[in-house]
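A, B, ... follow the sequence lines: proteins, then strands. Residue 1 opens every chain.
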Protein chains: 2
Amino acid sequence: MPATIYDVAKKAGVSIATVSRVLNKKDNVSEETKQRVMDAIEELNYVPNMIASALMTKKMSTLSLLIPDVINPFFSEIARGVEDAANNYNYNVIVCNTDYDLKKEAVYLNLLKQKSVDGFIVASAIYNDKNVYDLIKQDYPLVLLGREIDGIEKNTRTDVIVSNDICGGYQATKHLIELGHRKIDLILGPKEIKVNRDREKGYRKALRDHGIAVDKNRIHNGRFKIEFGCSKALEILRKKEQPTAIFAGNDIIAIGVLRAAKSLGYDVPGDLSVVGYDNTILAEIADPPLTTINQQMYKMGYMAAEMLIKRLKGDKKPAQRVIFETKLVVRKSTAKPR
Amino acid sequence: MPATIYDVAKKAGVSIATVSRVLNKKDNVSEETKQRVMDAIEELNYVPNMIASALMTKKMSTLSLLIPDVINPFFSEIARGVEDAANNYNYNVIVCNTDYDLKKEAVYLNLLKQKSVDGFIVASAIYNDKNVYDLIKQDYPLVLLGREIDGIEKNTRTDVIVSNDICGGYQATKHLIELGHRKIDLILGPKEIKVNRDREKGYRKALRDHGIAVDKNRIHNGRFKIEFGCSKALEILRKKEQPTAIFAGNDIIAIGVLRAAKSLGYDVPGDLSVVGYDNTILAEIADPPLTTINQQMYKMGYMAAEMLIKRLKGDKKPAQRVIFETKLVVRKSTAKPR
DNA sequence: CTTTGCTGTGTAACCGCTTACAAATTGATA
DNA sequence: TATCAATTTGTAAGCGGTTACACAGCAAAG
């Protein structure tokens with residue numbers, strides 16, 4: 001049985017209120033009493049029970065982070081950023097993998113509410129996520145990461161952190177166009193995820209700006225999986241209207257594209273240019289190293305946690321919307337078309 | 001203000017004890033009362049407060065996982081396994097990144113104890129970790145993952161899950177020897193991490209078994225970082241007694257070695273064979289794809305969480321020690337020496 | 001010497017549940 | 001109809017802290 005505040009009080013010869021005071025560095029406790037309490041704490045190896053205190057204060061110093069999948073380096077970097085920021089403020093973070101599954105997300109949220117986590121960071125980015133609307137409606141402290149939510153202008157507490165994906169899509173496409181590519185296929189993740197729509201917008205705008213007609217048949221949606229990137233690329237490369245470049249919705253899909261190209265004996269970038277998105281470690285390591293769009297995952301995660309914690313500590317400023325800029329990172333997977 | 005059990009009781013016209021009973025599916029509550037309570041819960045949108053209940057029951061249905069770094073794919077796969085298993089039993093998991101830093105680990109553990117997490121999974125694998133000994137001494141529910149701890153035979157609750165790293169080291173080295181290599185350098189992570197000692201043991205045994213003298217100068221310890229792998233490999237490859245193969249302590253180091261080789265204009269595997277360890281996604285994607293030793297990260301994580309939860313639920317069987325077997329995965333980074 | 005205002009500490013209510021125990025209700029049995 | 005066991009429900013005491021409020025002790029002021 002671990003020692004309680006009563007044990008400490010008894011050993012120090014004071015009341016539990018006094019112990020609580022020194023524990024919380026509150027008001028006035030004489031140096032002498034404080035010392036006696038500290039000694040008792042030391043002797044008894046006392047660890048305060050945050051559960052009991054949370055019952056009164058409603059503060060557990062725990063955040064929850066909802067992401068689709070930690071294994072995806074994009075999200076593990078975000079998770080690391082969140083965790084580091086949280087740790088910095090003496091918070092912990094409960095990580096939940098939703099696999100882009102709204103039902104799973106709902107189950108998690110319900111459990112987390114029961115546990116009185118102080119706030120939520122939702123990075124699982126599904127379009128029109130009812131769960132998220134509910135959280136906002138019920139006024140839970142919340143930061144949305146990498147996802148917007150429409151029609152909540154009147155809301156004043158939910159901060160949003162996003163990347164400028166339209167710009168990212170534009171940068172990638174422009175890079176390919178400037179290299180001389182005209183037939184550029186776009187292989188995206190699911191339509192339900194907002195970032196894919198934005199990246200597509202950027203792609204379309206870049207083509208338009210350079211007087212290239214947008215061909216709907218060159219735009220493909222699917223999943224953020226190597227296998228999808230590979231099979232879709234195989235399909236595309238076998239058609240008559242072969243592209244000279246493929247812009248993938250993220251690095252994982254791009255890896256799949258590289259694999260497909262390799263299996264068909266294509267040289268990248270000689271026969272086919274490939275651009276990824278995210279600039280995860282995968283892009284750096286891929287063969288050839290991927291030209292990709294950099295996102296600041298770690299910073300976004302860090303900032304999300306920081307903003308959330310500041311709000312929990314009473315920050316009343318109106319909801320922020322922070323946009324992180326993207327950057328083109330040129331490596332070896334893009335070149336002029338033959 | 002969220003509804004409490006009192007609100008529900010009042011609305012349903014029963015006592016809070018009865019509400020608690022239907023909530024916990026306890027003993028005898030007549031169908032009729034139960035229905036009334038359920039309706040009240042529904043109407044009030046009541047969410048039970050687990051903090052309050054935990055104060056009595058001491059169960060928060062929360063596990064904590066200590067790993068060095070989620071960004072390392074080896075650990076993110078473990079984390080995913082842990083989380084999936086936990087979720088399966090309606091538990092959540094708090095993930096903490098220790099960066100192999102004992103002080104950080106201690107701070108985390110202290111905070112987690114305050115939060116009354118139900119149990120710990122420690123995968124941060126530092127040799128002779130005082131924190132871990134303390135946990136065991138204080139009889140906290142604990143599973144050790146990927147790390148052993150000496151001198152706790154009498155302990156009956158702490159399960160241990162490890163990979164057979166001696167075997168893994170042996171397999172990797174044997175593979176190189178059988179290809180004809182005789183000068184094989186070993187670039188490991190820190191000595192303080194047990195797995196490195198085991199992998200070295202396997203390496204030594206393989207050499208001995210094949211009548212090759214072990215040259216201490218060929219064994220190097222450092223960090224599990226690309227940069228370390230790269231700089232150490234550069235150093236090695238510039239010496240006169242150049243190896244024809246390098247066995248790296250994990251895939252990350254191996255990636256660094258590949259980078260070094262590339263920067264010196266070496267062909268892998270033509271001029272130099274490289275073997276990694278772990279078989280993370282990085283090995284698959286590397287250029288050339290890495291020959292490596294497979295570890296079952298996801299399964300180990302899953303099992304760790306499952307064993308821990310079973311113990312929390314009252315399983316009294318003596319402490320288990322589960323050993324996962326490794327497997328050589330041959331890809332394109334190894335070949336006969338010139 | 002009484003009053004005033006600090007400072008330092010103790011008392012007890014409360015946070016929202018669980019649960020041992022008591023009490024009330026029901027139906028069957030004597 | 002009275003008795004008893006079984007079933008259903010209520011009462012109240014915690015769980016381990018926080019905190020409003022009361023109060024004691026003491027120095028300075030009147």
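- The phosphate of D:dT9 has neither OP1 nor OP2 within less than 4.0 Å of any side-chain N or O from B:Thr18.
- Not one side-chain nitrogen or oxygen of A:Ser53 sits closer than 4.0 Å to the OP1 or OP2 atom of D:dG17.
- The shortest non-hydrogen separation linking B:Lys113 to B:Phe120 is CG-CZ, 4.1 Å.
- Taking 4.0 angstrom as the limit, B:Thr33 places a side-chain polar atom (N or O) nearer than this to OP1 or OP2 of D:dT9.
- For the residue pair A:Ser116 and A:Lys58, no side-chain donor N or O sits within less than 3.5 Å of a side-chain acceptor on the partner.
- Between the CD1 atom of B:Ile51 and the P atom of C:dT18 there is a distance of 13 Å, given to the nearest Å.
- Between C:dC17, D:dG17, C:dT7, one nucleotide has an atom nearer to the side chain of A:Tyr6 than all others, and that is D:dG17.
- Using a 4.0 Å cut-off between charged nitrogen and carboxylate oxygen, A:Lys137 and A:Asp134 count as a salt-bridge pair.
- Here A:Thr4 does not reach the OP1 or OP2 of D:dG16: none of its side-chain N or O atoms lies under 4.0 Å away.
- Nearer to the 5' terminus of DNA chain D, by closest-nucleotide assignment, is the contact made by B:Ile16 (compared with the other of B:Ile16 and A:Tyr46).
- When each of B:Lys310, B:Met303, B:Arg311, B:Arg321 is checked for a side chain to side chain contact (heavy atoms under 4.5 Å, CB included) with B:Asp159, only B:Arg311 meets the rule.
- The side chain of B:Ala52 approaches C:dG16 more closely than any other nucleotide in the set C:dG16, D:dT9, D:dG16.
- If you measure from atom CG of A:Asn49 to atom C1' of C:dC15, you get 13 Å, rounded to the nearest angstrom.
- For B:Lys58 and D:dG16, the shortest distance from a side-chain N or O to OP1 or OP2 is below 4.0 Å.
- Backbone-only engagement by A:Val14 is indicated by non-hydrogen atom pairs under 4.0 Å involving sugar-phosphate atoms exclusively.
- Between atom CG of residue B:Leu63 and atom CD of residue B:Glu83 there is a gap of 10.0 Å, rounded to the nearest 0.5 Å.
- Of the side-chain N and O atoms in B:Thr57, none sit less than 4.0 angstrom from OP1 or OP2 of C:dT18.
- Toward the 5' end of DNA chain C, the nearer of the two residues A:Arg36 and A:Leu55, judged by each one's closest nucleotide, is A:Arg36.
- Phosphate proximity of D:dT18 to A:Asn24: present, with a side-chain N or O under 4.0 Å from OP1 or OP2.
- Between the C1' atom of D:dT9 and the CD atom of B:Glu31 lies a distance of 16 Å, rounded to the nearest Å.
- Side-chain nitrogen and oxygen atoms of A:Ser30 include at least one within less than 4.0 Å of the OP1 or OP2 phosphate oxygen of C:dT9.
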